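Since we're looking at a predicted model, the values are computed, not measured. Just so it is clear: chains get the letters A, B, ... in the order the sequence lines come, proteins before strands, and each one is counted from 1.
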Amino acid sequence: MRHLITVKDLSLEDVNAIFMLADSFYEQIDSRPIKKVPLLTGKTVALLFSEPSTRTRVSFELAAKRLSADTVTITQSTSSMKKGETLEDTARTLSQYGIDLLVIRHSKAGAPDIISSLGLFPVVNAGDGKRSHPTQALLDAYTIYREYGKIKGLKVAIIGDILHSRVARSNFEILRMFGCRIFVLGPTSMIPSYLPEDVVRLENIEQAIEECDLLYFLRIQFERFNEREVVDIDTYRRKYALTRERFEKIKKRDLRIMHPGPVNRGIEIDSEAVDSEFSLVFKQVKFGLYVRMGILAYLLSERSEEIEVPY
Amino acid sequence: MKFLIKGAEVWEENIRKQLDILIEDGFIKELGEGITNKNTRVIDANGCVALPLFVDLHCHLRTPGEEHKENLETGLGAALKGGFHTVVAMPNTKPPIDKPELVRYLIDAAAKLDKADLKVAGAITENLQGKRRTSLESLFLAGASAASDDGYAVNNTGLLLESFKEAAILDMPIFLHEEDYELSNRSGINEGRVSFEAGVFGNHPLSEALPAARDILLARQVGARVHIQHVSSKETVDVLKMLKFKNITAEATPHHLIFDESATLSLNPLYKTNPPLRSKEDREAILEAVKSGLIDCIATDHAPHTVEDKSLPYEDALSGMAWFELVFPAIYTYLVLKELLSPGDLVRLLTINPCRILKISKRPRISVGERANIAIFDVSTKKSLEKIGSKSKASNNPLFSTELFGFTKAVFKDGKLRFLEETFLEGEEN
């Protein structure tokens, strides 16, 4: 049984297989009037979300539905988890209903591992704490591949609130897998004191614009800051934001910009840049759907091979 | 009744030799090669080692209040089976052991059981809240062997100074869980690579070293005996190097000696401990300190928990490992076989020094004329505790189902054969 808890659960072959599936779903569905393929008819995908989410939840739900799977969504506020049910018991309960795969978002790092260790069904991590968000990293890599035609060897700058970002952590892993050169830039207070050895810290955004192929901006996660962690918007804007002036240089160099959303417009990136042809922000959202279809199809079709017909 | 233990390698201070042990009327009558004796019950201990019983300065028996995790019978039973003569229970029970009557209750209840002997640490502060001092004299007179707020740190230095003064007069050792909460973030993950990858606030190694330094200086001022519990970082080892003097002792746990932070990368809650597992370099520094004597002893920090408590997401899961029956097998398999610790080290770390710290004058000793307090471990067969079956209620140890050498073959305590090959001997087999 395969799980997707962190990017490390995947080999390069797995990632390529998921991308090929995403390619074919994109071609079969994106411009067609009937947006459904019958691949997962009769399967049930459960979505357990104990943290707010728009795009991840909606895209997973739609991904399952477009593959003809049934879906069921459980949110913390309306479920027995609120009555104190343990994660394990919630999982065992869902298992009794015969669900085939669980997508989970949770505020605590390691929560998906608790369920995957039960071995009941494949588990897909849709974000746990600040630790990991592998499907975002996959859709980001896929967007890069669609846009650039390759991933290997690109120089990628990840800019902003690295400290609180599971997206950054997972992107480090997938970009490393593809042999990218990874750079980070951000206020001292938003860069972890520990960084992986292969991640290079840049001095200023001009350096990123001049030397990198792609700028990946992160959202400042205001809700995660504690009393010791400093955020000064003025300094941030002055030194790290994609302002209109900096956008001119980006246009000149024909760079692409990415952001996992939701965007704090006017803070990390100015609207003019977000909405421009240089922005991949909404392509990320679109491809996210097809990559998540690819992930579901990959994990569930593998599983179906193991099922033996009893008579 | 006479017993002849045949073929075991005896591990004692300055002895490592295959010797037969003849026990008569509870005492070691003869110790030598090729002993034969009629009318004795022979215990075939070929492929085994025999050590003096251990003393554990640090365990949690969850009694009173959390007997679903462990009670005195299961906890002290598991300790005896693990080769422990005496264990010291920490006071973080529900309610905490912060009153003399609770100390007396525990001592009386344990005395009826005839398993491992129990000694009790009484709380330094009321309800372990670090705010109001308990009367150490009352706890001491009720029978408490030490004072500790283990599980929680006391960071009120004025209060500590007063408690140290009182303990110094009573000659009562103070066992300290060192943790600066502002630096530890109460996190079960070491600060650095692992906390980065897990995306959680890390536990900084100085969270332990700083209060340890402070408390050693306080103890020096008033002459108190202070024992630093579960040393986890090289920074704390450095503090001991700089500041340790004759009144200061320290312990290391089996988990900090055997595992390092890489085990916590998977966020498997079984590896969550407080203080957390730290880096490879920290583990090496602790091993070196244990070898050199800078850290005086190994204490288990046996911390039984239910499966549910350990099935929460890592951040929410409770800390600690259940150790009693796995201590020798784990240390033997991972440290002695790899020649990181010697048989002599084990006797010093598990018997001699814990007895010295508790001022137990007659330590368990394998020597002619001594009472039989002997643990015999089978080091030639690999078994798992899961298959053997545990006496403890808890199974929260990552090695619970791992095959290890060195599980218990027999235990003699206070002259009586108390355990033989997976069966407890109740009553009077002596």
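The number of heavy-atom neighbours closer than 6.0 Å to CD of A:Glu223, taken from other residues, nucleotides and ligands shown, is above 12. Remark: B:Glu288 CD is loosely packed, at most 12 non-hydrogen atoms of other residues, nucleotides or ligands lying under 6.0 Å away. In B:Tyr152, the OH atom is not crowded: 12 or fewer heavy atoms of neighbouring residues, nucleotides or ligands sit closer than 6.0 Å. For A:Arg201, the CZ atom sits in a packed shell: over 12 heavy atoms of surrounding residues, nucleotides or ligands are nearer than 6.0 Å.
Atom CZ of A:Arg228 sits about 5.0 Å away from atom CG of B:Asn185, to the nearest 0.5 Å. For the atom pair CD of B:Glu197 and OH of A:Tyr194, the computed distance is 6.0 Å after rounding to the nearest 0.5 Å. Rounding to the nearest 0.5 Å gives a distance of 8.0 Å between CD1 of A:Ile162 and CZ of B:Phe196.
When side chains are defined from C-beta on, B:Asn268 does not count as touching A:Ser117, because their heavy atoms never get closer than 4.5 Å. Looking at A:Asp113 and B:Ser266, their side chains never come closer than 4.5 Å, going by heavy atoms from C-beta outward.
Heavy-atom proximity under 4.5 angstrom to chain B picks out A:Lys130, A:Arg131 from residues 130-139 of chain A. At a heavy-atom separation below 4.5 angstrom, chain B is approached by A:Arg169, A:Phe172, A:Glu173 within residues 164-188 of chain A.
Nearest heavy atoms, B:Pro313 versus A:His106: CG-CE1, 4.2 Å. Considering all non-hydrogen atoms of both residues, A:Ala109 and B:Val200 come closest at CB-CG1, 3.9 Å. Between B:Pro269 and A:Ile114, the shortest heavy-atom distance links the atoms CG-CD1, 3.7 Å.
Only the side chain of A:Asn226 comes within less than 4.5 Å of a heavy atom of chain B; its backbone N, CA, C and O stay farther away. Only the side chain of A:Glu229 comes within less than 4.5 Å of a heavy atom in chain B; its backbone stays farther off. The contact between B:Glu191 and chain A is made entirely by side chain atoms (from C-beta outward), counting heavy-atom distances below 4.5 Å.
The candidate with the highest count of non-hydrogen atom pairs below 4.5 Å against chain A, out of B:Gly202, B:Ala317, B:Ser311, is B:Ser311.
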